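A quick write-up on the structure given underneath.
Because the structure is predicted, anything quoted here is derived from the model rather than measured. Reminder, nothing fancy here: chain letters follow the sequence lines and each chain counts from 1.
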Amino acid sequence: MRFFRFLLVTFAALNLLLMPAAAQAARQFVDAAGRTVEIPDRIERVLAAGPPASVLLYVLAPEKMVGWVRSPSAAEKEFLAEPFRDLPETGRLTGRGNTANIEMVLSMKPDIIIDVGSIDPTYASLADRVQEQTGIPYVLIDGAFPRTPETLREVADVLGVKARGEELASYAGRTMEWQKETVADIAGDERPRVYYGRGPDGLETGSAGSINMEVLDVVGAANVAALAGSGGLSNVSIEQVLGWNPDVILTLSPDFQKSVMSDPTWANLKAVKEGRVYRAPTLPFGWFDSPPGVNRLIAVTWLTAILYPEKAEFDLRERTREFYRLFYQVELTDGQLDRLLADSAVR
Amino acid sequence: MMMTARDLAFGYRGTLVGEGVTLAVEAARVLCLMGPNGCGKTTLFRTLLGLLPPLAGRLELHGRPVMEFSRSEFARHVAYVPQAGSSYFPFSVTEVVTMARASRIGAFATPSAHDREIAQGALERLGLQHLASRPFTEISGGERQMTLIARALAQEAELVVMDEPTASLDFGNQAKVLDCINELRGSGLAIVLSTHDPGHAFACADSVALMKRGRIICEGTPQAAVTPETLRNLYGVEIAVEFMRGAGRNICAPALGRFRKE
Amino acid sequence: MSKGEALSGIGKQGRAARLRGVVPPVLLLIVVVLALFAGKYDVSPSDMALVVWSRLTGTPSGLDSTVETVVWNVRLPRVLAGLLVGASLAAAGAVYQGLFRNPLVSPDILGVSAGASLGAVGGIFFSLPVLAIQSMAFAGGLVAVALVYLVGSAVRGRDPILVLVLAGVAIGALLGACISLLKVLADPYNQLPAITFWLLGSLASITRADAFSILPAVLLGLAPMVLLRWRMNLMTLDEEEARALGMETGRLRLLLVAAATLMTAAAVSVSGIIGWVGLVMPHIARGLVGPDFGRLLPASLMLGGGYLVGVDALARTVAQIEVPLGILTAVIGAPFFLWLLASGRRGWQ
């Protein structure tokens, strides 16, 4: 009983002592979830809350990054610029794994935390919590692929790197417009039908509206598995894929790409017969699927090359080199290009 | 009359175990219930203790139907001594005996000094005070049984129901328990007990009831009710009932059948 | 032994018991102090003292405001929450072990964890704000146990305990299947990792508000346990024995299960699923202070709270990133428990 009362008194006393901390404000910013956040005028140190934010920060203002959400592997580092590729790992900040140590976040003293992704009430409330707990402004940015140019401009403005942002945003805008014009005259029912097979057996795929398939929609291709589920990943059976008979198969797994060409069960598919099975490159960031950030811009060019070969009157290699130079600030050698595009391009 | 049963039918919901039971339990008297395995003794005891509702007939304690009592009130009058199994947790003997005070103290109260004194007194009365701080799980079977009897004493009830108190006890402990029962009767308690050994009836009972398949087939004093004829009817084997001078009372022993020791 | 000695428990056994009884509060104090100083952000003892002093007196501390943020917004809420969650789980475990007469029972046996998990996973699946997710976890835990109780009392068995356990197993399995279904349907990029991490248990994002929000439920659940602490001992007897001693076992069981469930659901709603504490801590407490619930309850509270605070301090310092609590409590707790078993400590059976 006495212990019980002691507990009660202690908690009451602590409650009196604890008061919320106040943050210094400079300008107001309304983020994608409608939250009005006060952010400093000058921002020198930025923390990414998740992988898409990491990518965005790296392309816009790598000198302001305090770290990577996940440390790049040796293979990935080859395609990233020094010294940024050696920055420390900070972990994911909210919800999707929530592995970052708050005290470590605080010790890095970021001026702002940026989170790029889909916006829903869960992440809005998580943002509020972290902001209140740490006193660091936390902004949510809509990472939907079609608005990539706007996203680039918006965040560049926040970070104070308008010129760089404009450079990247206009490249993005031009690329997407060019792509639309290039395929504008292809009728709806002649659009390429694509199956995206994830996992080692290739039977996991994204259905309509899933974040993994955004790029397909933008380049005007049809996802054969659009009706296989709702908005997420779903497991399908080989019979379903045979029924859909896609024109092109995309995958991430090199094992699956090899096995599908030799497996008799898949042999009757149009895509396999025509050899149109491509692996999406992943270095330094995935071209097609994950992370769902601005890194997917290169996929617009790449998919045009492999899905619409008759329209591909451009040099994919040169375009890739250009993209990597502009966005990732690395010069690709021929050898690196070869490795990148090895199983990913029309032969 | 302390507790009376009139034409009592007992059993579980939907299953009749026994009927037509008429009994009377009086102060300073020991009633011994005897019968083969599965005759319904335990179910009858559960009914007498108010743990099962009677299926028909009347069962009254101090003139009131047993089902009308709250559990707490009933426990102030009737105590239950089950067979001493092993406890789940190592409570001390004192703690076990003190548990009897539950019906005497408030819902949120803990035992007072008075309660502890009563518990200690019960232990001393049965000569168990040397076991007071020993864990219940570490004393012998006989000592455990005696502890449960001490608990019934600490309950300060007038009627004690004992379910086979000598089962699985060695000879010496059996004798101790029987002595204890006699002493309790001497101090005015009413006792109802069941037993497997017909000889116990001669050791401590004032009246005996023989139960077979849920019905009382014979009752009376031990002299009248426990005879070779009634025992043969009850157990289905030949049992000799003879006075043993050394023990000072009748002893019962089965006459063994075909395979005899040569 | 004289009457006086027996009554007051003096003697070698009494002294040894008292010494063992001192272990939980001392351990708790040590662990809490160590945990307050553990963390990735460097806060020296003098800094800590300055921060506390400045709050108490209202004068500025002169330190970087981040230090204050770390102490008041990050570390203190985490230690507080760790205490509350650990204490709740251990107390609930002690109650359940007594009610089910089994030293190997954990608070999950009637499905509170499964229900809370379903509530939280549902909240994450429907993209609700964090407060709603926590509330759904809390409600889910309560509803699951209520359901088990309803089913258990509708079935007329001779052994009410066994019926409850079986109902708990069945409903727990059903809820588990629903959780699995939601996991399959969840968005694999945004929601599934969140679900997985929640199910592993963590105090990483605990705020001050979280710690204080569960306090009413924890206290509300603790109150009946404290009031009924002596009667709880009798609940460990056979059903018939307890009733024959004058106890309304059905009512008491309902009240105690409700109290334990309230505490567990409150704890789980902010911390996620953390196993092992509710199973092992009451066990160890019983080995130290005996089965009398009046001593077992405070010992369990202190050991449970201390253990979780200690493990959480490890979770946030041992690696670059946060280690989920549920993993650590098992990794540390299981070998320790095995060692205790092997060294043959008395008082388990």
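- Each of Thr122(A), Asp128(A), Thr134(A) has some count of heavy-atom pairs under 4.5 Å with chain C, and the biggest count is that of Thr122(A).
- Checked against Val74(C) for a side-chain contact (heavy atoms from CB on, under 4.5 Å), the options Leu106(A), Val105(A), Asn101(A) give a single hit: Leu106(A).
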| request: I would like to know whether Thr66(C) and Lys109(A) meet side chain to side chain contact (heavy atoms under 4.5 Å, CB included); could you show each step before the answer? | output: CA-CA 8 Å; Thr66(C) 317; Lys109(A) 294 192 188 299; 3.2 Å; yes
Side chains of residues 212-225 of chain C: which donor-acceptor partners sit under 3.5 Å, not counting sequence neighbours?
residue: Ser213(C); atom: OG; partner: Ala209(C); partner atom: O; Å: 3.3
residue: Ser213(C); atom: OG; partner: Asp210(C); partner atom: O; Å: 2.8

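- Here the OG-CD1 distance, from Ser125(A) to Ile133(C), works out to 6.5 Å after rounding to the nearest 0.5 Å.
- Two residues are said to be in side-chain contact when any heavy atoms from C-beta on lie closer than 4.5 Å; Arg129(A) and Ser205(C) meet this criterion.
- Interface remark: of the candidates Ala211(C), Ser127(C), Gly123(C), Ser127(C) forms the most heavy-atom pairs closer than 4.5 Å to chain A.
- Using a 4.5 Å cut-off between heavy atoms, Val184(C) touches chain A through its backbone atoms (N, CA, C, O) alone.
- To the nearest 0.5 Å, atoms CZ (Arg316(C)) and CD1 (Ile102(A)) are separated by 11.5 Å.
- The salt bridge (charged side-chain N to carboxylate O under 4.0 Å, His left out) test applied to Arg70(A) returns Glu76(A), not counting sequence neighbours.
- Under the 4.5 Å side-chain criterion, counting only non-hydrogen atoms from C-beta, Arg208(C) is not in contact with Gln133(A).
- A distance of 9.0 Å separates CD in Glu322(C) from CD in Glu103(A), rounded to the nearest 0.5 Å.
- At a 4.5 Å heavy-atom cutoff, the contact between Ile206(C) and chain A is made by backbone atoms alone.
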